[in-house]
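Sequence lines set the chain letters: A, B, ... in the order given, protein chains first and strands last, and positions in each chain run from 1.
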Amino acid sequence: MKIKVKFFASLRDRIGRAEESLDIEGSSVTVADVWSKVAEEPIPDGVLIAVNMEYTDGSHSLSEGDEVAFFPPVTGG
Amino acid sequence: MKIKVKFFASLRDRIGRAEESLDIEGSSVTVADVWSKVAEEPIPDGVLIAVNMEYTDGSHSLSEGDEVAFFPPVTGG
Amino acid sequence: MKVVVTDAVFDPYAEVQKYQAGLKSGQSGGVVSFVGTMRDFNDGHEVSTMWLDHYPGMTEKHIEQVCEEALERWDIIDVLVVHRVGEIKPDESIVLVATWSAHRAEAFDSCRFVINYLKKRAPFWKRESTSKGQRWVEHNTEDAAADIPD
Amino acid sequence: MKVVVTDAVFDPYAEVQKYQAGLKSGQSGGVVSFVGTMRDFNDGHEVSTMWLDHYPGMTEKHIEQVCEEALERWDIIDVLVVHRVGEIKPDESIVLVATWSAHRAEAFDSCRFVINYLKKRAPFWKRESTSKGQRWVEHNTEDAAADIPD
């Protein structure tokens, strides 16, 4: 399953890249599975998750071509 | 006692003049006394009163040179 | 604090920018402004022009009192009010209230307070010219709605 | 409704006037606007420039969602949001929210809702350059204050 992964702000600095493309084996893949491919530690407290630009959480099941984003709390405005 | 009287908006139209100067006999003169010199009827409901540009009511005792104003509810902004 | 009562057409946003240019830079954070505009309809009648009467001296004094109360009550940096009088045409600005604060909530609350209390206390009276002739507006349509924050 | 995310310096009041010129004339009554400006101090450190990161696509989408919610919830005519991204210098505008309504209270409530929820939901991240170097801002200072109207 092809998944695009994006990181923003302090999380991008911490992970060391802005995005990557993953090809994950299996038909049942969650956001947490994606995170475990890109980092050693569990998803840090406070990290926000979006799939296809809508907020969700680590248990979200992914589909082919989904875009997953991880980022710190927002500080706009 | 010399008193300046002002009328605004619909009350000016009703009284037929914008202002007048009164010279009232006696040392104890109230706003209601002033009104009775300028109109037949009692002070209409809702009419606002200011003495020297501060809101007050008909019982206010006046001093030499005071400016009394009568006007309808305000509709600014 | 600045309060202007004027019979000339004014550009509310030019006034905000001009006044802001005189404030200490880098400090404000946020400004909330309210601009009230002359509408061409009121109570179902088409309004071609409006005359706004006021009580010179008392009007300015009471707007200033409302602004001073806002400056005491909220943590704001400054407040600006510009209010038209005289003949006003549709789409012209009637009133501007702007409040500057480091804190968004304080800017909103104080701006709302100033426009609400200005409308209650400052002596202005609207006379509309409609297709039915001239008439004094007896009360502001929003007075019934209790939109005063406390 | 119009939502703009831009890396160019913008004049918030020129945007309000330009947008208002396209609205049906004589209808609005009142406009409330909030303009957030870059401050030169934060948490006691002097800030020389700020970098505002965002998530292209998601950012615009979520601002639009907040605006649509405001248009459903309040009796307002229109809403305009302009938000800067990229490098920002002190005194430059970061965000503009403007709401038009025939009713003053609705304009205030909806403007406040849009700026408050935009700050909670829209993906933007501030990185400040101070005398101590660069740092990501971890949370907006006002988030702790429960200034969300409901």
**Study point:** side-chain contact (heavy atoms from CB on, under 4.5 Å) partner of C/Val35, chosen from D/Val32, D/Val16, D/Val31
**Key:**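 Exactly one candidate clears the test, D/Val31.
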Check your understanding: If you count heavy-atom pairs under 4.5 Å between each of C/Val97, C/Val95, C/Asp11 and chain D, which one has the most?
Key ->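 Top option by heavy-atom pairs under 4.5 Å: C/Asp11.
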Review point. Is it the case that more than 12 heavy atoms not belonging to C/Trp136 sit under 6.0 Å from its CH2 atom?
Key: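 Count over threshold, so yes.
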Exercise for review: Work out which heavy atom in D/Gly30 is nearest to a heavy atom in C/Phe34; give both atom names and the distance.
Suggested key: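 Taking D/Gly30 first and C/Phe34 second, the nearest heavy atoms are CA-CE1, 4.0 Å.
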Check your understanding: Closest approach of C/Ala105 and D/Arg112, non-hydrogen atoms and distance?
Key ->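 That would be CB-NH2, 3.7 Å.
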Practice item. Return the option, out of D/Gly36, D/Ser33, D/Ala14, with the maximum number of heavy-atom pairs under 4.5 Å with chain C. Key: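 Greatest number of close heavy-atom pairs with chain C: D/Ser33.
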Review point. Would you call D/Asn116 and C/Arg104 a side-chain contact if the rule is heavy atoms closer than 4.5 Å?
Key: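 In short, these two side chains touch, coming nearer than 4.5 Å.
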